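Everything below concerns the one structure shown next.
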Amino acid sequence: MSFDPDDNPAASKTRRVTVEDVADEDEGNLIVNKRYFEQCPDASWTLREGQTKFERWLTFVTREEWELAEWLIRSLGQTRTDEFLKLPITRNRTQPSFHNNRSFLQKVDELPHGPAWSCKKVSIQGNQTDENGRLLHEDVELWARDPVECIRDLIGNPLFKEHMVYAPARAYADHEGLHRVIDDMWTADWWCDKQKQLPKGATIAPVILASDKTCLSQFRGDKSAWPVYLSIGNIAKEKRREMSARATVLIGYLPAGKLGCFTSDSRSLASYRLFHHCMSLLLQPLIAAGRDGVEMVCADSMVRRIYPILAAYVADFPEQCLVACCKENRCPKCLVAADERGDPLSSPMRDPQLIKEILERRKKGQHPTEFEDFGLRTVYSPFWANLPHTNIFLAFTPDLLHQLHKGVFKDHLVKWCLEIVGGAEIDARFKAIPDFPGLRHFKKGISAVKQWTGTEHKQMQRVFVGLLAGAVPSQVLVVARAILEFSYFAQLRTHTSDTLQFLENALAVFHANKDILHELEVREHFNIPKLHQLSHYVQSISLYGTTDAYRASNKRDYEEQMALWLQRQEAVFLRSSYLEWLSVQSQSATIAGHADHDHDIDSGSDSEMEDLQFESRAAPAKAPPVIGQCVLHVLANTPAHPRTSVQQLITAHGAVSFLPALKLFLHKHMSKNRIVPGPQDRFDVFRQVVIVAPPDPRVGESPQRWRIRATPEVSPGPGRKPGSPAKFDMALINNGARTTNLQTLDGAQVAQVRVIFTLPPLAYIEWFTPFKEPDPFSGLLQVSRSTRRLHRNAAVIHVDEILRPCHLIPRMGQSINPGWTSANAYELATDFYLNTFIDLDTFCISAIT
């Protein structure tokens, strides 16, 4: 869809065309995939056409020699590189143009690279004296490179062309503009509001900074530093999340010296001041650039005037307090009192101008009462004081890992529930949770584990509400449910006005019921810093986009490496990116063909499909692509168990009513069929069916891929070959009243898949009852085994009637049946909860209607 550049010079560049397809135009509003966009006027004018860095590069060496150079720089150290190049086979056969490590590095250093690194010496005078009475001092190093030049590289990288946005817009789900939609930073409020403060035609580069004091890197000797990373909100969040894209760059190493020149009681304050001084030096170029703008060639080869403005700062809580110049018993965002952080209060936000004035007055020897009231530290020159258009206190973004997963959930909720229920009962319940693809089974429970990862925290959350049901007082279950609902809503990749209200409601429910924990004597107070931070989530999402929109750490550890090594690594990466760009320019059709081949889910046998990593796979060869609401059901080319007898299906799969169910299916769907199946017949049986569905934008932008297994128990083999338990997964089945909407439970019914076989592709299932009313405390829907004439209610259905997998948790009561295990719980229990927390997608279809 084209736009008149005279009406809006930037309109064609204000969205990512690869993410959503234009559907229509309506009365001047852009409509994208049933979303209406209100463009921000006078934003991001193009000045003229330019050339990106890639378009100015010349070719280097032969392709083969380049691939050798790339492997050497990424895989071998300098000594090993020298040894390799001096091998006779390398000298005589390969004959590269470089014959030793020195000549090789000379060629690498000739490659274009990112902004140069520089080392600035910072001299610190302490308050301790030597034996001669002279004040001690210490010299530290600040390694840095120009952040403006780093932004120039990012915004001008043509590999990001289809993932780059230059102007903000407000998105709505309806024509009237009543239902706001927020995902990427360009759809949120901060960018739109900031655009109005700049000259017409200005292009904002929202700067995202991240630093992590715990991620110290040793330089040499006893000197250490911690890294500072930078990204920009113009790049789509999905692209920024890809580590291989390098959309986040390292811009500096802050010194972390021991500061032995200070007395122990003043050393902490000295380190705070050193941090701010070094950050001021590092970010100095952003002051003029953010105030006056800088012309840059963008990824689309157009020149724009770019205003880099600090928008978001990603850090953990102690470092947020460090940046905010406040004590750690205060909130770095608002002015809530130190002893009121556990209450659902609406405290005023910190004001940068006011904070600067208070610090300045304190520096002059005055004693403003606000200094103590606000919990400030005597850091008189915060690095953010002169950054234009910056509100550092709003810039602190939610930290899901430390605040939610590890903080409120693991460190508090799990601890409270262990005290209420007891470790043995909680462990027994975790051990008995039925299997589900991708779900971790805590075979030994959780009570004895001391160290957890963020992934394990999230795995526990997937079953925690259903696991607690019956074991804790009902009001405690409400508290747990509220925390988990808040966690899941906070993880959404797309928010609406409704989901933000759900997020606030979940926190309100927690506060309304938390006193039960005090009554049970498991918590004396709720003055918990991480709990208070949750009260700022809705504001942050409204300002900056969903919580995955400002991730800025590239998770790379450059330990024991110096700036030259970093420069060489970056030069090799840029060279590779350049070659990729050339390939895209000249062979886009060929690349597309290769991409389709690489994403095949085609497999030679069903057993091979068992181990597929579906996160990186798509539809099978010769299968139609996932378009619109199309859903693919994929079976392997070759069945795992060909010509399986009916008796085997009965004994191994528990398909006791297989023949009656198949006869009923044939009578219903193939009434003219004269063949009656019998015990003598054999069937080709598959281990699983893979369902490929369109993406749910609330969860992600990639097609969804689910695996539903129907595999019998495998006995241990000879020697040490282990066996495996049966896996007959639960699934949601179309019960005949299904609509075309994939994002709802309407018309769906639970069944257990016992056999997947072909006549055409069919499945033998055992029905559960239709959904009963949700449990009033856990909020989980309830189901039971469906029976007919005292036998399980079974049926044969078309495979494509399977909608998606689901997970059930047995109703365990106050004490779990000691005979239940993960392998037999589905068979021994009769009443279950539909586990809507098993994944974010299932949570969405149950909680958001």
Side-chain angles (χ1 to χ4, degrees), residues 116-147 211-228 250-287 315 318-329 355-368 371-372 374-387 392 558-564 566:
W117 284 88
S118 64
C119 178
K120 299 179 180 180
K121 299 288 185 181
V122 179
S123 184
I124 308 164
Q125 181 173 290
N127 61 357
Q128 293 204 86
T129 58
D130 60 16
E131 61 274 8
N132 298 320
R134 291 175 297 191
L135 289 174
L136 297 175
H137 76 278
E138 182 175 335
D139 291 334
V140 296
E141 296 176 349
L142 168 65
W143 286 88
R145 52 182 180 169
D146 192 331
S211 58
D212 186 357
K213 190 175 181 180
T214 63
C215 186
L216 295 178
S217 298
Q218 298 297 320
F219 272 93
R220 59 179 181 268
D222 62 349
K223 294 184 178 181
S224 62
W226 76 78
V228 180
L250 182 69
I251 64 166
Y253 276 117
L254 305 179
K258 296 181 178 179
L259 301 185
C261 57
F262 287 91
T263 58
S264 58
D265 61 338
S266 60
R267 197 167 295 152
S268 293
L269 179 59
S271 69
Y272 301 152
R273 291 173 173 173
L274 175 62
F275 169 85
H276 280 272
H277 177 69
C278 291
M279 284 291 287
S280 296
L281 295 175
L282 177 64
L283 302 180
Q284 178 70 27
L286 290 179
I287 297 176
E319 200 158 345
Q320 287 182 6
C321 294
L322 169 64
V323 172
C325 307
C326 72
K327 299 175 181 178
E328 290 186 19
N329 66 343
I355 298 298
K356 286 189 290 184
E357 293 174 0
I358 295 170
L359 292 175
E360 184 63 27
R361 289 164 58 193
R362 182 59 181 258
K363 181 180 180 181
K364 293 178 179 179
Q366 301 176 25
H367 296 277
F371 183 86
E372 295 296 336
F374 295 176
L376 298 178
R377 296 186 185 276
T378 52
V379 177
Y380 300 128
S381 302
F383 74 82
W384 40 264
N386 297 317
L387 292 177
I392 193 64
Y558 295 104
E559 191 168 340
E560 298 181 4
Q561 304 298 341
M562 295 298 290
L564 183 57
L566 292 168

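These figures come from a predicted structure and were not determined experimentally.
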Separation between CD (Gln128) and CG (Leu136), nearest 0.5 Å, reads 6.5 Å

Once you round to the nearest 0.5 Å, how far does CZ of Arg377 lie from CZ of Arg362? 12.5 Å

Starting from the C-alpha separation in whole Å, work towards a yes-or-no answer on side chain to side chain contact (heavy atoms under 4.5 Å, CB included) for Leu283 and Val228. CA-CA 11 Å; Leu283 302 180; Val228 180; 5.9 Å; no

Closer than 3.5 angstrom, by distance alone: can the side chain of His276 be matched with the main-chain N or O of Leu322 as a donor-acceptor pair? yes

Scanning both residues in full, the closest heavy-atom pair of Leu254 with Met279 reads CD1-SD, 3.8 Å

Close side-chain approach of Ile392 to Ile355, heavy-atom, < 4.5 Å: no

Working to the nearest 0.5 Å, report the span between NZ of Lys121 and CG of Leu142. 11.0 Å

Would you call Lys120 and Glu141 a salt bridge, taking side-chain N to carboxylate O under 4.0 Å as the test? no

Please check if the side chain of Asp130 supplies one atom and the backbone of Asn132 the other of a donor-acceptor pair under 3.5 Å. yes

If you measure from NE2 on His137 to OG on Ser123, what distance do you get to the nearest 0.5 Å? 4.5 Å

Minimal heavy-atom distance between Glu319 and Ala315, with the atoms involved, is CB-CB, 3.8 Å

So do Leu250 and Trp117 actually touch side chain to side chain, heavy atoms under 4.5 Å? yes

Separation between SG (Cys325) and OH (Tyr272), nearest 0.5 Å, reads 11.0 Å

Counting distance only, does the side-chain N/O of Asn386 pair as donor-acceptor with the main-chain N or O of Ile287 below 3.5 Å? no

Within the structure provided, determine whether Thr378 and Phe371 are in side-chain contact (heavy-atom separation under 4.5 Å). yes

With no hydrogens and no angle check, do the side chains of Arg273 and Ser381 hold a donor and an acceptor under 3.5 Å apart? no

Looking only at atom types and distance, does a side-chain atom of Glu138 sit under 3.5 Å from a main-chain N or O of Gly126, one as donor and one as acceptor? no

Apply the test side chain to side chain contact (heavy atoms under 4.5 Å, CB included) to residues Lys363 and Glu360: give CA-CA distance (whole Å), side-chain angles for both, the deciding distance (0.1 Å), then the verdict. CA-CA 5 Å; Lys363 181 180 180 181; Glu360 184 63 27; 4.3 Å; yes

Can a donor-acceptor pair be found, under 3.5 Å and without considering hydrogens, that links the side chain of Arg267 to the backbone of Leu259? yes

For Trp226 and Phe275, take the angle between the two ring planes, folded into 0 to 90°, and tell me which bin it lands in: parallel under 30, tilted 30 to 60, perpendicular over 60. parallel

Got a second to check how far His277's NE2 is from Leu274's CG, nearest 0.5 Å? 7.5 Å

Residues Phe262, Ile124; criterion side chain to side chain contact (heavy atoms under 4.5 Å, CB included); working and verdict: CA-CA 10 Å; Phe262 287 91; Ile124 308 164; 3.4 Å; yes

With no hydrogens and no angle check, is any side-chain donor or acceptor of Lys356 less than 3.5 Å from a backbone partner on Ala385? yes

Test item: Phe383 and Leu282 side chains (from C-beta on) under 4.5 Å apart, heavy atoms: no

